[in-house]
Undergrad: 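One structure follows; several queries about it will come next.
The chains referred to below are lettered A, B, ... by the order of the sequence lines, with proteins before strands, and numbering in each begins at 1.
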2 protein chains.
Amino acid sequence: MPCDANVDIVRTVHETNTDDDRPMPLRERKKRRTREALGEAALHLFLDRGFDAVTLDELVDAVEVSKRTFFRYFPSKEAVATAAEHELWDAYLDRITGAPLTGSVLDVLHTCLTTAVRGMDGEWERRFLATRGLIAHTPQLRDHSDLASLRTQDRIADELGGRLGDDTTPDVQVRLLAEVAMAAWRTAARRWVREHRHTAFDLTAPREQQRDSATRADLIDNIDTTYAALGDSIALRI
Amino acid sequence: MPCDANVDIVRTVHETNTDDDRPMPLRERKKRRTREALGEAALHLFLDRGFDAVTLDELVDAVEVSKRTFFRYFPSKEAVATAAEHELWDAYLDRITGAPLTGSVLDVLHTCLTTAVRGMDGEWERRFLATRGLIAHTPQLRDHSDLASLRTQDRIADELGGRLGDDTTPDVQVRLLAEVAMAAWRTAARRWVREHRHTAFDLTAPREQQRDSATRADLIDNIDTTYAALGDSIALRI
DNA sequence: CCCAATGTGCCACTCGGGGGCAAAAACTTC
DNA sequence: GAAGTTTTTGCCCCCGAGTGGCACATTGGG
């Protein structure tokens, strides 16, 4: 019976038009559909039976593509499970490159992050919830997610280092700033997922139920309070 | 001709008695020898031909153990290459559990780290240098190393959380503190390795030459200045 | 000296990931 | 709308990391 479910997944996804894909060429539309189908089927299968219990062969069979094709869309099995997070990091980076660097740089990073979270669409929210649910009980995925945040740090530091006066501000400070900013994210995300440990992270749950349990507003609240706690933490005395 | 070299490595290692292993039972001595032989041969082979170019089969052939045995000593190929780092984290954790928590907690973590670095023996320094050399041009190892620092963070936060007043200090602060402390390490280590990018990281180089190029004193200096820059970084304005 | 415990070797196996090449689909041009 | 060109895909091969089972050897204790 998982077979029927998978076929259902595929059809549903292929009929779903998340955005307008009329103006873009057919090739792009099909690629997008395949990518979304892979991502969606992966979340369903992983949540249903566990990340480790599902082999790539099963996944590609469900979406009816070859394993070779899978690796043209995602670099690893972990990547398809955490695609939503990667999209957030890309959006975050975009905000940073577009933001004017005035005043406290840490505040700028903070604002960019929250606006990036707010800027993602509802479809993203659903997938992100599922991804965090997977991460919560799959060490392998947790590693991958943490690593992605570290690499995002590097990109932030590079971007900042290029824009700030190269000589005036030492590289160490920029690097540390990126580290601290991501530290806040990791702490906030961890706290957020702990608060909602008992939620189902069910992809098929109606939207309202999700809104009642774990929401993006909660996440943003956690980010805000975590950034606010940074100063006190660094100066903690007992 | 790599075969001869490997045999040489094995014999050399097996004859080397790093510490006194007379008092401990024969089984323990043999296990220790095997572990050290694996670690040493791995560093030599990886530095010589590159981490990816060396297969586990080659490594275990060189040390004359089975692949099965290898995995009874190290959980992964990456782990044997970064064994020196893991030892540092264990020593670091030991210092933290033994240190009294008075005054600035960040200062305590800072001191524990530097004394831990100082407390490692000369044999460790040689292996650590080699490990960092490998990490510098092997993304896979860099990931593994960064991940190890993140997991150490978790252990620190758990330890600190257990000892600090559970109710008075919020969990977020402890978590952030551990994050910030490790951020300083990562930044210092990265800077240190960049400064010595042109060093050979040669295991066979005489000790004096190593002291001239990349030394533990340099590393500790970097740690100190990075910790000192923390406050300025977090408050950076432009 | 024998017996129990522990460590080791060998075997075969799974699974993630990548390369080469030929077929097919999609865009282009006439 | 039929040619040719380019991009995308499918299929088959391969490799290497990591695991499990079982028989064997080595060590330590009575």
Undergrad: Rounded to whole angstroms, how far apart are CZ on B:Phe46 and C1' on D:dA17?
TA: 12 Å

Undergrad: With Watson-Crick and G-U wobble geometry limited to distances under 3.5 Å, how should the secondary structure of DNA chain C be encoded in dot-bracket form, using | for bases paired to another strand and [ ] for crossing pairs?
TA: ||||||||||||||||||||||||||.|||

Undergrad: List, one per line, each side-chain donor-acceptor pair under 3.5 Å for residues 182-190 of chain B, sequence neighbours excluded.
TA:
unit_1	atom_1	unit_2	atom_2	d
B:Arg186	NE	B:Ser149	OG	3.0
B:Arg186	NH1	A:Glu179	OE1	2.3
B:Arg186	NH1	A:Glu179	OE2	3.3
B:Arg186	NH2	B:Gln153	OE1	2.4
B:Thr187	OG1	B:Ala183	O	2.8
B:Arg190	NH2	A:Asp154	OD1	3.3

Undergrad: Before you tell me yes or no, could you show the steps for B:Glu36 and B:Arg127 under salt bridge (charged side-chain N to carboxylate O under 4.0 Å, His left out), namely the whole-Å CA-CA distance, both residues' side-chain angles and the distance that decides it to 0.1 Å?
TA: CA-CA 11 Å; B:Glu36 287 178 353; B:Arg127 295 187 300 123; over 6 Å; no

Undergrad: Evaluate B:Leu88 against B:Trp124 for side-chain contact (heavy atoms from CB on, under 4.5 Å), listing each step before the verdict.
TA: CA-CA 9 Å; B:Leu88 175 62; B:Trp124 173 85; 4.0 Å; yes

Undergrad: Rounded to whole Å, please give me the gap between CZ in B:Phe74 and P in D:dA17.
TA: 15 Å

Undergrad: Is B:Arg151 paired with B:Asp146 through a side-chain N to carboxylate O contact shorter than 4.0 Å?
TA: no

Undergrad: Quick one: A:Asp61 CG to D:dC11 P, roughly how many Å, whole number?
TA: 10 Å

Undergrad: Rounded off to whole Å, could you give me the CG-to-P distance for the B:Asp52 and C:dG17 pair?
TA: 14 Å

Undergrad: Determine, step by step, whether B:Arg175 and A:Arg191 satisfy the side-chain contact (heavy atoms from CB on, under 4.5 Å) criterion, reporting the C-alpha distance in whole Å, the side-chain angles of both residues, the deciding distance to 0.1 Å, and the verdict.
TA: CA-CA 10 Å; B:Arg175 216 96 224 165; A:Arg191 186 186 174 79; over 6 Å; no

Undergrad: Measure CZ/B:Arg32 against C1'/C:dT6 and give the value in whole Å, please.
TA: 20 Å

Undergrad: Looking at CZ of A:Phe51 and NZ of A:Lys77, how far apart are the two atoms once the value is rounded to the nearest 0.5 Å?
TA: 4.5 Å

Undergrad: Rounded to the nearest angstrom, tell me the gap between atom CZ in A:Phe70 and atom P in D:dT9.
TA: 14 Å

Undergrad: Between A:Ser145 and A:Glu85, do the side chains contain an N or O donor and an N or O acceptor separated by less than 3.5 Å?
TA: yes

Undergrad: Which whole-number value in Å describes the distance from B:Leu59 CG to D:dG18 C1'?
TA: 14 Å

Undergrad: To the nearest 0.5 Å, what is the distance between CZ (B:Phe70) and CZ (B:Arg35)?
TA: 9.5 Å

Undergrad: So B:Tyr73, base contact, sugar-phosphate only, or nothing? Heavy-atom distance under 4.0 Å.
TA: sugar-phosphate

Undergrad: What is the distance, rounded to the nearest whole Å, between atom CD of B:Glu58 and atom C1' of D:dG16?
TA: 11 Å

Undergrad: Let's go through B:Arg155 and B:Asp90 carefully: what are the C-alpha distance in whole Å and the side-chain angles of both, what is the deciding distance for salt bridge (charged side-chain N to carboxylate O under 4.0 Å, His left out) to 0.1 Å, and is it a yes or a no?
TA: CA-CA 10 Å; B:Arg155 293 203 284 164; B:Asp90 287 341; 3.2 Å; yes

Undergrad: Please produce a list of atom pairs where a protein N or O lies less than 3.5 Å from an N or O of nucleotides 9-15 of chain C.
TA:
unit_1	atom_1	unit_2	atom_2	d
C:dG9	OP2	B:Ser66	N	3.2
C:dG9	OP2	B:Ser66	OG	3.4
C:dG9	OP2	B:Thr69	OG1	2.2
C:dG9	O6	B:Arg72	NH2	3.2

Undergrad: For D:dT8, take OP1 and OP2 only and decide whether either is under 4.0 Å from a side-chain N or O of A:Lys31.
TA: yes

